[in-house]
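Presented below is the structure to which this report refers.
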Protein chains: 2
Amino acid sequence: MGFREDVKKIKALTDENRLAIMLALQHGEKCGCDLLEELNITQPTLSHHMKILADSGLVDYYKEGKWMHYSISAKGVQEFREMIGSYARCDCETDESVSCGCKDKK
Amino acid sequence: MGFREDVKKIKALTDENRLAIMLALQHGEKCGCDLLEELNITQPTLSHHMKILADSGLVDYYKEGKWMHYSISAKGVQEFREMIGSYARCDCETDESVSCGCKDKK
DNA sequence: TTGATACATTGAAATATATCTATGTTTAAG
DNA sequence: CTTAAACATAGATATATTTCAATGTATCAA
């Protein structure tokens, strides 16, 4: 099973700075220097985090002159949420034959 | 902001064994000894992982005699997915005024 | 009470991660 | 060609995480 790849993608969101970056990109594209001003971290640390977010597919980017432009990847986000859903789900919702007791807790 | 707590919850799913456990619980409640037979890990390691999953709220449990019974928490899963959605999302979907370019990539 | 089963806790070792300083690369302006 | 800005890479350090062996606790059966 491809757990390793999924773990790698989920780890993209297990850092406070990377969560802050996701929120910072929520309203549109930004360059690294913009992000640097919002996050109390050094430039190499930002570079490290952006590489992880880009590798995960959650963030798109392109280079323009000296600037790296980052943005949320709608496709990456959708795939990410579907992947999360494959683990964080409850079959009770759709399958009457299972008996994990979820319905009792609603 | 409460990034720290969210990071802690997301970390619940950043381990191959814990993902395997979530799948193993997908079709209903199981005890620790059942899970032990499916996962090539020792009992203390399973205990460690179950504590993390339980703390995250994704997994419910109750003790019955010698056995610990574990199951997916429908409520926990729903809250988890909503939390993930607050970071892994794209405002383009619902807000025409933003310009992160998501639409172009669909 | 004794022994066995299920599970938790402790402590140690190996590995992974986040962060910084220092330095390198690329681009553009003067 | 120089310089400065934006970003990447390398190396070091501190911290976190995973895992296991050893041990402790609780429950139940004989």
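Lettering follows sequence order; numbering is per chain, from 1.
In this structure, B/W67 atom CH2 and D/dC28 atom P are separated by 8 Å, rounded to whole Å. If you measure from atom NZ of B/K63 to atom P of D/dA26, you get 8 Å, rounded to the nearest angstrom. In this entry the distance linking CG of B/N40 with C1' of D/dT19 reads 14 Å, nearest Å. Rounding to whole angstrom units, OH of residue A/Y62 and C1' of D/dC7 are separated by 16 Å. For the pair B/L39 CG and D/dC20 C1', the computed distance is 16 Å after rounding to whole Å. A/E64 places its CD atom 12 Å from the C1' atom of D/dA6, with the value rounded to the nearest Å.
Note that CG of A/L25 is 14.0 Å distant from OH of B/Y87, once rounded to the nearest 0.5 Å.
Nearest heavy-atom pair, A/Y62 versus A/E29, reported as atom, atom and distance to 0.1 Å: OH-OE2, 2.7 Å. The shortest heavy-atom contact between B/G76 and B/L58 is O-CD2, 4.0 Å. Of all non-hydrogen atoms in A/M83 and A/I10, the two that sit nearest each other are CE-CG1, 3.6 Å. Of all heavy-atom pairs spanning A/A88 and B/M22, the tightest one is CA-CE, 4.3 Å.
Remark: the backbone N or O of A/A24 is paired with a side-chain donor or acceptor of A/K30 at under 3.5 angstrom. The main-chain N or O of A/K11 is found under 3.5 Å from a side-chain atom of A/T14 such that the two form a donor-acceptor pair.
A residue-by-residue look at A/D15 and B/G32 shows that B/G32 has its nearest nucleotide of DNA chain C further toward the 5' end.
No chain of hydrophobic side-chain contacts below 4.5 Å, direct or via other Ile, Leu, Val, Met, Phe, Trp or Tyr residues, connects A/I84 to B/I52.
Between A/D34 and A/Y70, the side chains place no donor N or O within less than 3.5 Å of an acceptor N or O (distance only, hydrogens not considered).
Looking at heavy-atom distances under 4.0 Å, A/I52 makes contact with sugar-phosphate atoms alone, never a base.
Taking 4.0 Å as the cutoff to heavy atoms of chain B, we find the contact window on DNA chain C bounded by C/dT5 to C/dT9.
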Dump the pairs, protein N or O against N or O of nucleotides 8-14 of chain D, anything under 3.5 Å, distances to one decimal.
{"from": "D/dA8", "atom 1": "OP2", "to": "A/S47", "atom 2": "OG", "distance (Å)": "2.7"}
{"from": "D/dA8", "atom 1": "N7", "to": "A/Q43", "atom 2": "OE1", "distance (Å)": "3.3"}
{"from": "D/dA8", "atom 1": "N7", "to": "A/Q43", "atom 2": "NE2", "distance (Å)": "2.7"}
{"from": "D/dA8", "atom 1": "N6", "to": "A/Q43", "atom 2": "OE1", "distance (Å)": "3.0"}

